[in-house]
Amino acid sequence: MKLNSLRGMQDILPEESHVWQHIEENARGLLELYNYNEIRPPILEQAELFLRSIGEDTDIVEKEMYIFNDKKGRRVALRPEGTASVVRAYIQNSLFNNPSPQKFYYIGPMFRYERPQKGRLRQFHQIGVECFGIAAPSVEAEMLWILKQFFKKLNLKNLTYEINSLGCKKCRPSYKESLFNFLNHKIENLCSDCQRRFVKNPLRVLDCKVPGCREVLKDVPVMIDFLCNDCKTHFFGFQKELEDYEIKYSVNPHIVRGLDYYTGTVFEVTTTMLGAQNAVAAGGRYDDLVGYFGGPKTPAAGFAIGMERLVELSKDNLSIESKKPIVYVAYAGKGLDREVKRVISEIRKEGFIAERAYEDISLKNQLKKADKLGVEWVIIVGEEEIKSSLYKWKKMKEGTQGEAGLEEIIKLLREGR
RNA sequence: GCGGGUGUAGCUCAACGGUUAGAGCACUGGACUGUGGCUCCAGGUGCUGCGGGUUCGAGUCCCGUCAUCCGCCCCA
């Protein structure tokens, strides 16, 4: 019986994991410069955490959650996103008693039970960032700035920055009412999906791509026109900051986001290079969520980057230093294992990735293996060499070889690096 | 959850419904017992995704199923 990985769950093999490591190292380095520090919440949480934060009527909760009962019958779920867990950790550990702002990042797997396609998997990975305690738009503006820096480091081009404001508890209801009234007598003109959306979550109709719906939506009221004074001030302040950072953005009133907890600012970074899955990073403000979960009323904002999409976009324009071995230590003759271990361990001590034969094979085959590994140097240990304390070295590419003591060989390796 | 494409060796792909299913690359060993690449030889390369059906005969046609890819929904 052949065992395969589950649908939508992929192995990240060494060749690609080097790209992942490169991206992750860049992300950590950059985020820590902005005083974001890593938090590692569990991957499994009480299902209710997600049900309540993301929203019962969202697609994520309705059909995409990995949710099941554990041995004690508790409802648990694999996290479909990171924010809810970080909010939970923030409250549970009373981190609101630490000086504000509290800033976190995480890198790890998320799970959504969806139909896989290009750039979309059931287990996927996000780099997520959350900032608690600051209401000013400078937080989310800096987030876009960080994203821009990050994408620049990874050599990514052709990215679009779009922003919107979803309003707050005060102003969103009047907008929703206006939207409802607008759509209510045009409902026959909407596609079947939108008719369903209209009942469950009318905001969703806004980003429908069906031409007929787009036509209906031509003069649809937009949230921005309904923002209360506070939200308006915040949104304009946000845009002013983006201009300070010289980030080219556009206001897209149809961005609604798939999670219910967003308030005010939302943003998306998209590309045209990934087929239907165009969002590379997205986020926004969620000023009510901490309070909703019983913490002190705390403004917050965050975003997440899709790792797989990032890897897909960047692997071709990054030159990742290969991690293949530089040196192969071969032996010629029997009973030389101790000496090989001594030599190779000296070489590794110097920081060179080194490989050797682990079982008794001919020198010829060792050379063959060394060649296939693409090593630059082969050091040959034999009885003669032990007697003279001089080892044969061979530079594979040039085919040159010579004899030298271990000290001198290490010097050669250093020079050749 | 819905629609479409594709399933043959580890990989890329051939084979009119008709012998024992092939090629290239990769892999392992040898020719070459202390020297890789080139060449040659030998060799695993395989329940043709799985299960039914049609047929004298199915890798090939039909149905189902699973997997995968692409799209829809939605999202990172």
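Each chain gets a letter, A, B and so on, in the order the sequences are listed, and its residues count up from 1. Worth saying up front: this structure is predicted, and the values here are computed from it rather than measured.
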What does [X] touch in the nucleic acid at a heavy-atom separation under 4.0 angstrom: a base, only the sugar-phosphate, or nothing?
X	answer
Gly128(A)	nothing
Glu312(A)	nothing
Lys397(A)	base
Leu336(A)	nothing
Lys369(A)	sugar-phosphate
Lys372(A)	sugar-phosphate
Gly119(A)	base
Leu259(A)	sugar-phosphate
Ala370(A)	nothing

Look at [X] and [N] and indicate whether a side-chain polar atom (N or O) is within less than 4.0 Å of OP1 or OP2.
X	N	answer
Gln117(A)	C69(B)	no
Asn365(A)	G30(B)	yes
Arg7(A)	A67(B)	yes

Rounded to whole Å, please give me the gap between [atom1] in [X] and [atom2] in [N].
X	N	atom1	atom2	value
Asp260(A)	C74(B)	CG	P	14 Å
Phe111(A)	A76(B)	CZ	P	16 Å
Tyr331(A)	U33(B)	OH	P	14 Å
Gln366(A)	U33(B)	CD	C1'	13 Å
Lys118(A)	C69(B)	NZ	C1'	10 Å
Glu308(A)	C75(B)	CD	P	18 Å
Asp371(A)	C38(B)	CG	C1'	12 Å
Glu114(A)	C2(B)	CD	C1'	14 Å

Return the nearest nucleotide to the side chain of [X]; candidates are [options].
X	options	result
Arg309(A)	G36(B), G30(B), A76(B)	A76(B)
Lys364(A)	A76(B), G34(B), G36(B)	G36(B)
Leu363(A)	G34(B), C75(B), U28(B)	G34(B)
Glu384(A)	G36(B), G34(B), U28(B)	G34(B)

N/O donor-acceptor pair, side chain [X] with base [N], under 3.5 angstrom:
X	N	answer
Gln401(A)	U35(B)	yes
Glu385(A)	G34(B)	yes
Arg115(A)	C75(B)	no

With under 30° as parallel and over 60° as perpendicular, where do the rings of Trp145(A) and Tyr245(A) fit, or are they tilted in between?
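Parallel: the ring planes of Trp145(A) and Tyr245(A) meet at under 30°.
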In terms of relative ring orientation, are Tyr90(A) and Phe96(A) parallel, tilted or perpendicular, with 30° and 60° separating the classes?
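Tyr90(A) vs Phe96(A) ring planes: perpendicular.
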Upstream residue (5' side of RNA chain B) when Gly8(A) and Met307(A) are each assigned their closest nucleotide
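The residue whose closest nucleotide sits nearer the 5' end is Gly8(A).
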Both Ile60(A) and Ala332(A) contact RNA chain B. Taking the nearest nucleotide for each, which residue is further toward the 5' end?
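In this pair, the answer is Ala332(A).
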Can you tell me how far [atom1] in [N] sits from the matching atom in [M], rounded to whole Å?
N	M	atom1	result
U65(B)	G3(B)	P	11 Å
U28(B)	U54(B)	P	47 Å
C61(B)	A14(B)	P	14 Å
G53(B)	G43(B)	P	38 Å
G24(B)	C41(B)	P	11 Å
G46(B)	C11(B)	P	12 Å
A26(B)	A9(B)	C1'	11 Å
G7(B)	U12(B)	C1'	15 Å

Closest contact, heavy atoms only, Ala136(A) versus Glu140(A):
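For Ala136(A) versus Glu140(A), the nearest heavy atoms are O-OE1, 3.6 Å.
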Nearest non-hydrogen partners of Ile344(A) and Glu355(A), listed with the distance:
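Heavy-atom minimum between the residues: CD1-O, 3.6 Å.
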Any chance the side chains of Ser5(A) and Gln10(A) put a donor and an acceptor closer than 3.5 Å?
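No.
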Under 3.5 Å, is there a donor on one side chain and an acceptor on the other for Tyr66(A) and Gln123(A)?
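Their side chains do not contain a donor-acceptor pair, so the 3.5 Å distance test is not met.
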Side-chain heavy atoms of Thr271(A) within contact of Arg309(A), under 4.5 Å:
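The answer is no; the side chains never approach within 4.5 Å.
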Is the closest side-chain heavy-atom distance between Leu144(A) and Tyr249(A) below 4.5 Å?
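In short, these two side chains do not touch, never coming nearer than 4.5 Å.
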Hey, would you say the Tyr36(A) and Tyr105(A) ring centroids sit under 6.0 Å apart?
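No.
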For RNA chain B, what dot-bracket results from Watson-Crick or G-U pairs at under 3.5 Å, with [ ] for crossers and | for inter-strand partners?
(((((((..((((....[...))))((((((.......))))).)...(((((..]....))))))))))))....
How about Glu407(A): does its CD atom have over 12 heavy atoms from other parts shown lying under 6.0 Å from it?
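No.
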